[in-house]
Amino acid sequence: SGVPLSQMESLLSPRCRVVRGMPNTPSLLQEGASVFCRGAHATDGDAEVTNRLLSSVGDCYEVPEKYINAVTALSGAGPAYVFLMIEALADGGVKEGLPRALALKLAAKTLLGAAKMVLTTNTHPGALKDAVCSPGG
């Protein structure tokens, strides 16, 4: 993921058509968030094929290459942070007496539901958070 198009292109024959992509692990369940960018000689057809391929496992966006490293950090590594949150929420539930299997299901479903709310309501996550939090705790 950290190899820029210019480096890939410099190692290949001139005018070789290159596309750089960044899928993520939820692609395994057709819930991916992927991006790609075109090299200097990639065609509209190459972009269409890449988009079709990555869209088959989730959402796909064509972006300028300058965004690829940020995408790698956000949606490439992001699932690890979500897994950490699920683990921490479940651990808290277990500490309060819940069976681990139930705590894990509740934690995972909570994150899934919250993500769906962000994607479907067009409401800023901060506003959704404020709607859950009660004044004074």
Side-chain angles (χ1 to χ4, degrees):
S1 65
V3 181
L5 284 167
S6 60
Q7 184 177 351
M8 287 187 255
E9 290 172 332
S10 73
L11 298 172
L12 300 168
S13 59
R15 304 200 52 81
C16 190
R17 296 170 11 214
V18 178
V19 175
R20 181 179 176 194
M22 182 65 223
N24 66 357
T25 56
S27 297
L28 294 168
L29 302 173
Q30 284 70 52
E31 292 292 340
S34 303
V35 303
F36 71 94
C37 60
R38 302 182 207 195
H41 305 292
T43 65
D44 289 345
D46 297 329
E48 184 180 316
V49 168
T50 303
N51 190 36
R52 217 173 30 240
L53 174 69
L54 291 173
S55 292
S56 73
V57 293
D59 291 348
C60 178
Y61 309 93
E62 182 174 2
V63 300
E65 186 178 27
K66 67 181 182 179
Y67 294 157
I68 295 285
N69 288 342
V71 169
T72 299
L74 175 62
S75 60
Y81 292 100
V82 173
F83 300 145
L84 181 63
M85 290 181 354
I86 292 170
E87 182 180 37
L89 287 168
D91 286 349
V94 168
K95 184 176 179 182
E96 292 300 316
L98 292 175
R100 180 156 303 277
L102 176 60
L104 276 170
K105 285 181 184 177
L106 290 170
K109 190 66 174 183
T110 297
L111 268 73
L112 178 63
K116 283 186 176 183
M117 288 180 74
V118 169
L119 292 172
T120 61
T121 66
N122 292 320
T123 304
H124 189 278
L128 291 169
K129 171 199 44 98
D130 291 346
V132 172
C133 298
S134 56

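One is the number of the first residue; the rest follow in order along the sequence.
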Practice item. Test side-chain hydrogen bond (donor to acceptor under 3.5 Å, both in side chains) on T43 and D46 and set out the steps. Key: CA-CA 5 Å; T43 65; D46 297 329; 3.1 Å; yes
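Counting Ile, Leu, Val, Met, Phe, Trp and Tyr side chains that sit under 4.5 Å apart, directly or through other members, L89 shares a hydrophobic cluster with V82, M85, I86, L104, L111.
Taking all atoms of both residues into account, the shortest heavy-atom contact from P99 to V94 is C-CG2, 4.4 Å. In terms of heavy atoms, N24 sits closest to S34 at N-OG, 4.2 Å.
Here the side chains of P23 and V57 are not in contact, with every heavy-atom distance at 4.5 Å or above. No side-chain heavy atom of H41 sits under 4.5 Å from any side-chain heavy atom of P14. Side-chain contact between F36 and L54 is present, with heavy atoms from C-beta onward closer than 4.5 Å.
Not one N or O on the side chain of E62 forms a donor-acceptor pair closer than 3.5 Å with the backbone of A47. Between the side chain of S55 and the main chain of R52, no donor-acceptor pair closer than 3.5 Å is present.
Each of V63, D44, T50 was checked for a side chain to side chain contact (heavy atoms under 4.5 Å, CB included) with R38, and the lone residue meeting it is D44.
Under a hydrophobic clustering in which Ile, Leu, Val, Met, Phe, Trp and Tyr are joined whenever their side-chain heavy atoms come within less than 4.5 Å, directly or via other members, V71 and Y61 fall into the same cluster. When hydrophobic clusters are built by joining Ile, Leu, Val, Met, Phe, Trp and Tyr residues whose side-chain heavy atoms come closer than 4.5 Å, directly or via intermediates, L12 is grouped together with V3.
If you take CG on L98 and CG on L106, they are separated by 6.5 Å, rounding to the nearest 0.5 Å. Taking CE of M8 as the start and CZ of R20 as the end, the distance is 5.5 Å to the nearest 0.5 Å. To the nearest 0.5 Å, atoms CE (M22) and OG1 (T72) are separated by 4.5 Å.
Here salt bridge (charged side-chain N to carboxylate O under 4.0 Å, His left out) pairs that include residues 97-106, with residues two or more places apart or in two chains, are D91-R100.
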